[in-house]
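By convention here, the first residue in the shown sequence is residue 1.
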Amino acid sequence: MNFSEQNVYIKVQDHSVSKENFELLLDSELQLLKTHPQPALENLGSYYESEDYISHTDAKRSLFEKIYHIVKSYSLKKKVGLINSYHSKKGSLLDIGAGTGDFLVTAKGAGWHTTGVEPNENAKKLAVSKGISFKDTIESIENQQFDVITMWHVLEHVPDIEHQIKQLKRLLKPNGTLIIAVPNFKSFDAQHYGKFWAAYDVPRHLWHFSKTSIEKLVSRENMKLIKILPMVFDSFYVSLLSEKYKTGKMNFLSAFLIGLRSNIKANRTKEYSSHIYVIEND
């Protein structure tokens, strides 16, 4: 990867925790952004210490959190349906960044043999209480163990992305399926909100992807991108948070209109707020 401190794509702030400022550097060939400077590994956890980090909690304290969990419940069924469409025979499934375990609970209920990896201990405890089994790290797992590996909005958090993709390749069975969901910095909502775009989420998001970057990164490990799917709800969720960062208020109407406009434009450009990438292991 080729990042230069002279090639700054945008300057952004950590709006939710530290209020620190960061730059996003562009690798022009990969069309990949890198958060700069990246926190030291031993300090990274402090940037997640917020009650508002919604993927690490089952809380339903506000209308926003209640809506989030309603949409999440619908999305979980769609995600399992997507996996089933590629694997009629239920096999082994690894979810990296499993959070509170709800996806694995849904997949387990559909007949999959599930395993999770999750660094956040509080989130993991919630998942274990729901009957989910965990491995401490992906490095501790033997080769070619899984028919499917999923990373739902997780790859952007991984410090060493090239090492991570090598590990994904190692863990997948031949003809196994890798499913990655990440935000898309080329979407309309990203362009509209600029430095206030919530999906930059620095420095928790260490990387910021385009369709080009995902395809090129996985192809280096002899994996093939076979399908790109939109995550249409993400534009509304991200726009709502972006409105809060930009104006200090949850402007539901403005967020809804921008989210809708983003999806309408993406119907033509195919640049949605977030994408699901279906990748096949050769």
Side-chain angles (χ1 to χ4, degrees), residues 3 8-26 31-41 43-57 59 62 64-65 67-68 71-72 75 96-100 118-120 122-123 151-161 164 180-210 213-214 231 233-248 250-251 255 258-259 262 271-277:
F3 295 99
V8 176
Y9 180 80
I10 195 171
K11 295 182 180 181
V12 292
Q13 185 183 61
D14 175 9
H15 294 282
S16 62
V17 178
S18 71
K19 310 304 179 187
E20 294 172 10
N21 295 310
F22 298 86
E23 296 176 335
L24 304 187
L25 308 181
L26 173 66
Q31 289 298 294
L32 175 70
L33 303 179
K34 177 183 180 179
T35 297
H36 174 78
Q38 294 196 347
L41 284 177
N43 299 330
L44 194 54
S46 65
Y47 291 97
Y48 289 84
E49 292 174 2
S50 169
E51 290 183 358
D52 294 329
Y53 201 70
I54 200 164
S55 67
H56 286 169
T57 176
S62 63
F64 175 66
E65 288 179 347
I67 292 171
Y68 172 86
V71 173
K72 178 181 173 181
S75 298
I96 299 173
T100 58
E118 172 54 55
N120 183 273
N122 291 329
M151 297 184 75
W152 304 108
H153 285 291
V154 171
L155 190 63
E156 60 268 38
H157 297 265
V158 172
D160 189 338
I161 192 170
Q164 181 77 27
I180 294 171
V182 288
N184 173 31
F185 75 88
K186 296 199 171 185
S187 65
F188 170 79
D189 47 291
Q191 308 307 310
H192 175 81
Y193 287 109
K195 65 182 181 179
F196 297 105
W197 190 50
Y200 284 134
D201 198 25
V202 293
R204 290 157 295 280
H205 289 189
L206 302 171
W207 311 95
H208 313 271
F209 298 94
S210 66
S213 59
I214 292 292
M231 301 188 79
F233 288 117
D234 279 34
S235 64
F236 300 107
Y237 170 70
V238 169
S239 294
L240 189 59
L241 284 179
S242 301
E243 286 287 333
K244 181 183 177 182
Y245 296 157
K246 186 175 182 179
T247 69
M250 288 282 201
N251 295 316
I258 295 300
S262 185
E271 299 286 1
Y272 287 87
S273 184
S274 293
H275 294 129
I276 296 172
Y277 298 90

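- Taking all atoms of both residues into account, the shortest heavy-atom contact from Tyr47 to Glu20 is OH-OE1, 2.8 Å.
- Between the side chains of Asp189 and Ser273, at least one donor-acceptor pair of N or O atoms lies under 3.5 Å.
- Residues Tyr9 and Glu23 bring no donor and acceptor atom of their side chains to less than 3.5 Å of each other.
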CA sep, side-chain torsions, deciding dist, call: His192, Ser242, side-chain hydrogen bond (donor to acceptor under 3.5 Å, both in side chains): CA-CA 10 Å; His192 175 81; Ser242 301; over 6 Å; no
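- In this structure, CE in Met231 is found 12.5 Å from CG in Asn184, a value given to the nearest 0.5 Å.
- Two rings, from Tyr48 and His157, have their centers less than 6.0 Å apart.
- Once rounded to the nearest 0.5 Å, the distance linking OH of Tyr272 with OG of Ser274 reads 12.5 Å.
- Closest approach of Ala123 and Glu118 over heavy atoms only: CB-CG, 4.2 Å.
- For the atom pair Phe188 CZ and Ile258 CD1, the distance stands at 5.0 Å (nearest 0.5 Å).
- Of the N and O atoms on the side chains of His15 and Tyr200, not one donor lies less than 3.5 Å from an acceptor on the other residue.
- At least one side-chain heavy atom of Pro159 sits less than 4.5 Å from a side-chain heavy atom of Leu206.
- Nearest heavy atom pair, residue Gly259 against residue Ser235, reads O-OG, 3.0 Å.
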Step-by-step side-chain hydrogen bond (donor to acceptor under 3.5 Å, both in side chains) determination, Lys186 to Gln31: CA-CA 10 Å; Lys186 296 199 171 185; Gln31 289 298 294; 2.6 Å; yes
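- Of all heavy-atom pairs between Asp14 and Pro203, the closest is OD2-CD, 3.7 Å.
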Derivation of the side-chain hydrogen bond (donor to acceptor under 3.5 Å, both in side chains) call for Asp234 and His153: CA-CA 11 Å; Asp234 279 34; His153 285 291; 2.9 Å; yes
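- Of the residues Val202, Thr35, Asn21, the one that meets the side-chain contact (heavy atoms from CB on, under 4.5 Å) test with Val12 is Val202.
- Using a 4.5 Å heavy-atom threshold, the side chains of Phe209 and Glu156 count as touching.
- Of all the heavy atoms in Ala255 and Ser239, the pair that sits closest is O-CB, 3.5 Å.
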Evaluation steps, side-chain contact (heavy atoms from CB on, under 4.5 Å), between Ser16 and Tyr245: CA-CA 8 Å; Ser16 62; Tyr245 296 157; 3.8 Å; yes
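- Between Leu25 and Val8 there is a side-chain heavy-atom pair separated by less than 4.5 Å.
- For the pair Gln38 (side chain) and Leu44 (backbone), a donor-acceptor distance under 3.5 Å is absent.
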Test log, rule side-chain contact (heavy atoms from CB on, under 4.5 Å), inputs Lys244 and Thr247: CA-CA 5 Å; Lys244 181 183 177 182; Thr247 69; over 6 Å; no
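- Of all heavy-atom pairs between Ile10 and Lys195, the closest is CD1-N, 3.5 Å.
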CA sep, side-chain torsions, deciding dist, call: His275, Val182, side-chain contact (heavy atoms from CB on, under 4.5 Å): CA-CA 6 Å; His275 294 129; Val182 288; 5.9 Å; no
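- Annotation: the span from Lys34 atom NZ to Trp207 atom CH2 amounts to 5.0 Å, rounded to 0.5 Å.
- Rounded to the nearest 0.5 angstrom, His208 NE2 and Leu24 CG are separated by 4.5 Å.
- Taking CG of Leu241 as the reference point, atom OH of Tyr193 lies at 10.0 Å (rounded to 0.5 Å).
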Full working for side-chain contact (heavy atoms from CB on, under 4.5 Å) between Leu155 and Ile214: CA-CA 10 Å; Leu155 190 63; Ile214 292 292; 4.1 Å; yes
